[in-house]
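The block underneath contains the structure these notes are about, expressed in structure tokens.
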Amino acid sequence: MPANRFNGHTDYGIGIGLRSPHYYHILTRKPVVDWFEIISENFMIDGGRPLRILDQILEQYKVVQHGVSMYFGSAERPNREHLRRLKTLVQRTKTPWLSDHLCWGSVDGRYTHDLLPMPYTFEAARITAQKIREVRDFIEIPVAVENVSSYAEFHVSEMTEWEFLNEVAERADCGILLDVNNIYVSSQNHSFDPLTYVNSVPGERVAQIHIAGHSKYRKYILDTHDHPVIDPVWKLYARAIERVGHTATLLEWDDSIPSFDEVHDEARKANRFLASASLAAAV
Amino acid sequence: MKLLNLQRRMARAVMTPLTNSERMRPVAPDGRSMRAVASQIIKPNDRLTSFERLEIYNRQYWFRVLAAFAEDFPGVRAVLGGRRFDAMAKAYLIDCPSQSFTLRNLGSRLVNWLEKHPSWAGERQNLALDMARLEWADIEAFDGLREPSLKPEDLAGVNPAKLQLRLQPYVSLLALRYPVDELLLEVRKDSGDLDVASNTFNERHKRKRASAVAKLKPSPIFLAVHRLEEDVYFRHLDREEFAILSALHAGKSLNAAIESPWRSSPIAVADRAAQIEKWFHTWSALGWFCRLEKSPKNEKAAPH
Ligand SMILES: [Fe+2]
């Protein structure tokens with residue numbers, strides 16, 4: 001959604017993920033980019049070069065934080081040290097909102113460093129929503145949850161993934177970071193219609209959208225963020241934008257990272273859809 | 001099944017070591033059938049069995065943590081050789097799975113673990129241990145906390161018999177049996193070259209490095225691993241210099257620290273005061289001391 005309470009009433013355009021191979025290019029050439037998304041964990045440190053570079057980026061660009069290890073869906077309580085460091089970083093970046101995944105990845109204090117899929121149960125929705133509220137209350141900015149791509153489904157599930165996403169977002173009263181590539185990947189792995197998913201998302205809660213490329217294997221698709229965005233994903237993106245309007249959009253490219261310009265050009269392809277959304281809104 | 005229960009079961013399966021051919025084990029170390037575990041919690045689909053779906057996560061877990069660990073310890077890898085390093089890494093990660101939200105801390109228990117399980121370090125245990133200490137110190141120096149540095153005026157009127165100086169958290173002091181710093185720099189230079197090099201070039205480099213490791217003779221060194229601007233440096237210290245810094249780091253008062261290192265020191269008694277002054281000058285210029293704490297803990301008398 002353009003400027004809503006889940007993205008801090010901002011109206012950001014097209015961003016790209018801040019990745020170390022591009023630091024030099026960004027700091028010396030100062031390309032025009034609407035905003036950068038950073039992986040929070042890379043900067044939840046005490047000092048050193050990463051923070052110095054971040055400060056230089058912050059002088060010139062808008063930055064939004066995206067986390068990979070809060071594990072809203074883990075049954076255990078949030079780690080206090082993690083929360084404390086996250087808040088310190090939030091104060092540094094002044095990120096208008098913050099996102100992390102609708103998944104789990106740690107149990108009994110042991111971390112898998114993976115985004116593991118949720119069982120879609122009411123109990124899980126309740127626990128997850130409670131944790132999102134707890135995190136938001138601590139860091140004091142809006143939180144958006146991102147749908148992950150998955151390769152497994154659980155017997156205990158009581159609803160579809162999109163119903164679960166809605167259930168959690170409603171209970172937590174939080175925003176959604178809609179990853180249309182993840183929807184596509186999961187739809188292929190679990191044989192559902194990705195449009196049904198996109199059409200079911202509560203548009204007014206969408207704070208941000210992710211687009212990305214992925215790798216196809218013989219029997220499943222892996223969300224690897226190492227390719228350009230494929231056509232079916234652009235189609236889902238178009239539909240999402242049609243439903244929710246001009247929304248902050250970010251291209252993720254994490255592996256086999258090409259030049260900055262190549263990544264930026266790929267991201268800017270989203271403009272054709274955003275432009276028509278703006279036009280539709282104006283009419 | 002309750003959420004916590006499901007997550008415990010799945011995490012245990014995901015963190016179970018892979019077979020030698022990097023597949024999920026049919027039987028977990030505790031005797032559970034992985035097929036039974038998988039089909040109890042995970043649905044099959046038209047292309048994959050429950051076992052195969054769980055295996056995707058099992059493989060992803062191990063590939064991810066092993067890659068992150070290898071990235072942090074290229075020096076230990078050079079010392080042990082690829083095959084032995086991989087076996088050691090698996091054993092370490094089984095004993096010490098990540099307990100932190102960040103992969104940065106994955107190797108935080110390696111030195112301790114290697115001390116307790118020296119057989120994993122092969123024939124050159126001391127060399128491998130020294131390298132692990134250096135590489136962990138390097139990680140700590142890279143992004144450790146830098147507190148405000150001590151300024152000369154902070155010391156005005158302070159009683160040296162009670163004065164306790166604190167070292168910056170990013171500085172590590174290492175007494176090593178091998179000059180592993182040079183070897184590590186060599187390894188890094190090589191891996192930088194390897195990114196762009198041909199296979200034959202790689203092979204030649206690999207052999208060169210293996211012989212550099214084999215030739216490395218024990219020769220005790222004292223190092224401060226620290227950060228200047230934002231680059232990490234390995235600074236060689238004199239034995240006496242190391243002893244003073246270590247004493248300060250251990251919480252001894254300034255007076256006690258500078259008295260400690262002189263037994264069997266070749267530095268003539270008459271030269272010691274000037275030498276100490278020179279060292280202090282260097283340490284201060286490098287910003288190694290933090291400002292004095294105003295907490296009551298620090299105001300109490302030094303232990304000596
Ligand atoms: Fe994403």
Side-chain angles (χ1 to χ4, degrees), chain A residues 40-53 67-71 73-76 78-79 81-83 85-86 104-119 121 123-128 150-157 188-191 217-220 222, chain B residues 1-12 14-15 38-50 52-65 68 96-106 139-147 168-170 227 229-232:
Chain A
S40 300
E41 285 77 0
N42 292 346
F43 302 94
M44 284 157 63
I45 49 177
D46 293 320
R49 171 161 296 129
L51 287 180
R52 181 176 286 203
I53 288 170
V68 293
S69 63
M70 185 51 83
Y71 298 143
S74 279
E76 60 191 0
N79 176 292
E81 166 77 355
H82 188 163
L83 284 177
R85 286 181 178 269
L86 187 60
W104 68 282
S106 63
V107 68
D108 299 320
R110 293 182 171 193
Y111 286 73
T112 64
H113 300 282
D114 201 352
L115 307 173
L116 299 174
M118 296 299 297
T121 65
E123 183 215 11
R126 186 174 44 76
I127 292 173
T128 307
S150 64
Y151 321 107
E153 300 156 291
F154 297 101
H155 289 299
V156 291
S157 286
Q188 295 294 299
N189 289 339
H190 308 311
S191 309
Y217 292 83
R218 203 162 53 85
K219 290 183 177 178
Y220 58 94
L222 216 50
Chain B
M1 193 185 302
K2 290 280 186 210
L3 182 66
L4 180 60
N5 188 6
L6 181 144
Q7 292 182 342
R8 281 187 175 143
R9 284 196 205 191
M10 180 149 169
R12 200 156 56 142
V14 163
M15 295 164 99
S39 56
Q40 228 171 31
I41 52 179
I42 290 171
K43 282 186 200 169
N45 72 0
D46 53 352
R47 285 151 288 167
L48 296 165
T49 62
S50 305
E52 288 168 325
R53 295 182 114 180
L54 184 57
E55 185 182 45
I56 295 173
Y57 289 104
N58 185 206
R59 284 161 57 96
Q60 272 193 175
Y61 168 74
W62 280 101
F63 294 164
R64 175 175 289 114
V65 289
C96 307
S98 172
Q99 294 179 335
S100 165
F101 61 86
T102 165
L103 282 166
R104 180 246 188 230
N105 296 332
L106 202 55
I139 290 171
E140 295 272 72
F142 178 71
D143 60 13
L145 181 66
R146 174 180 285 137
E147 291 190 28
Q168 290 283 3
Y170 64 80
R227 187 165 90 222
E229 289 299 305
E230 301 304 355
D231 289 316
V232 174

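The basis for the numbers below is simple: all heavy atoms, side chains too, and nothing from hydrogens, waters or symmetry mates. Chain A is the first sequence line, chain B the second, and so forth, proteins listed ahead of strands; every chain is numbered from 1.
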With chain A, which of Arg104(B), Arg12(B), Glu52(B), Gln40(B) has the greatest number of heavy-atom pairs at distances under 4.5 Å?
-> Gln40(B)

Name the option with the most non-hydrogen atom pairs under 4.5 Å to chain B; the candidates are Pro50(A), Ser157(A), Gly73(A), Ala75(A).
-> Ala75(A)

So NE2 of His113(A) and OG of Ser98(B): to nearest 0.5 Å the spacing works out to 2.5 Å

Among the options Val232(B), Leu48(B), Ile56(B), pick out the one with the most heavy-atom pairs lying under 4.5 Å from chain A.
-> Ile56(B)

If one checks every heavy atom of Asp108(A) against chain B at 4.5 Å, the contacting part turns out to be side chain

How about His155(A) and Ile41(B): do any of their side-chain heavy atoms sit closer than 4.5 Å?
-> no

For Met44(A) and Thr102(B), run side chain to side chain contact (heavy atoms under 4.5 Å, CB included): C-alpha distance rounded to whole Å, both residues' side-chain angles, the deciding distance at 0.1 Å, then the answer.
-> CA-CA 9 Å; Met44(A) 284 157 63; Thr102(B) 165; over 6 Å; no

For each of Tyr111(A), Tyr71(A), Phe154(A), tally heavy-atom pairs with chain B at distances under 4.5 Å, and name the one with the top tally.
-> Tyr111(A)

Heavy atoms only: give me the nearest Thr112(A)-Tyr61(B) pair and the separation to one decimal.
-> O-CD1, 3.4 Å

With Glu76(A) via side-chain hydrogen bond (donor to acceptor under 3.5 Å, both in side chains) - residues at least two apart = Ser106(A)

With a 4.5 angstrom heavy-atom cut-off, could you sort out which part of Met118(A) is near chain B: side chain, backbone, both or neither?
-> side chain

Against chain A, label Leu103(B) side chain, backbone, both or neither, depending on which of its atoms sit under 4.5 Å from a heavy atom there.
-> both

Flag the pair Glu153(A) / Ser50(B) as yes when at least one side-chain heavy-atom distance between them is below 4.5 Å, and no otherwise.
-> no

List the steps, then state whether side chain to side chain contact (heavy atoms under 4.5 Å, CB included) holds for Trp104(A) with Met10(B).
-> CA-CA 11 Å; Trp104(A) 68 282; Met10(B) 180 149 169; 3.8 Å; yes

Could you state the interatomic distance from CD1 (Ile53(A)) to CD (Glu230(B)), rounded to the nearest 0.5 Å?
-> 9.0 Å

Leu3(B) side chain near Thr121(A) side chain, heavy-atom distance below 4.5 Å | no

Winner by heavy-atom pair count (cut-off under 4.5 Å) against chain A, out of Gln7(B), Lys2(B), Arg47(B) = Gln7(B)

Just wondering, do Glu41(A) and Phe101(B) contact through their side chains at under 4.5 Å, heavy atoms?
-> yes

Which atoms of Ile42(B) approach chain A - backbone, side chain, both or neither, heavy atom under 4.5 Å | both

Got more than 12 heavy atoms from elsewhere within 6.0 Å of CZ, Arg110(A)?
-> no

So which part of Arg218(A) gets closer than 4.5 Å to some heavy atom of chain B, the side chain, the backbone, both or neither?
-> neither

Lys/Arg-Asp/Glu bridge criterion (N-O < 4.0 Å) met for Asp231(B), Arg49(A) | yes

Inspect the contact between Arg52(A) and Glu229(B) and indicate whether a charged nitrogen and a carboxylate oxygen are less than 4.0 angstrom apart.
-> yes

Proximal component of Arg227(B), with respect to chain A [non-hydrogen, under 4.5 Å] = side chain

How far does CG of Asp46(B) sit from NE2 of His190(A), to the nearest 0.5 angstrom?
-> 11.5 Å

How long is the gap from CD1 on Ile45(A) to CG on Leu145(B), to the nearest 0.5 Å?
-> 11.0 Å

Interface moiety of Leu222(A) toward chain B, non-hydrogen atoms closer than 4.5 Å = side chain

Side chain to side chain contact (heavy atoms under 4.5 Å, CB included) assessment of Arg64(B) paired with Asp114(A) | CA-CA 8 Å; Arg64(B) 175 175 289 114; Asp114(A) 201 352; 3.4 Å; yes

Determine whether Asp143(B) and Asp46(A) make a side-chain contact, defined as any pair of heavy atoms from C-beta on separated by less than 4.5 Å.
-> no

Any chance you could measure Asn79(A), atom CG, to Gln99(B), atom CD, to the nearest 0.5 Å?
-> 11.0 Å

Pick whichever of Arg8(B), Arg146(B), Met15(B) has the most heavy-atom pairs under 4.5 Å with chain A.
-> Arg8(B)

Could you check whether the rings of Tyr151(A) and Tyr57(B) sit parallel, tilted or perpendicular, using 30° and 60° as the cut-offs?
-> tilted

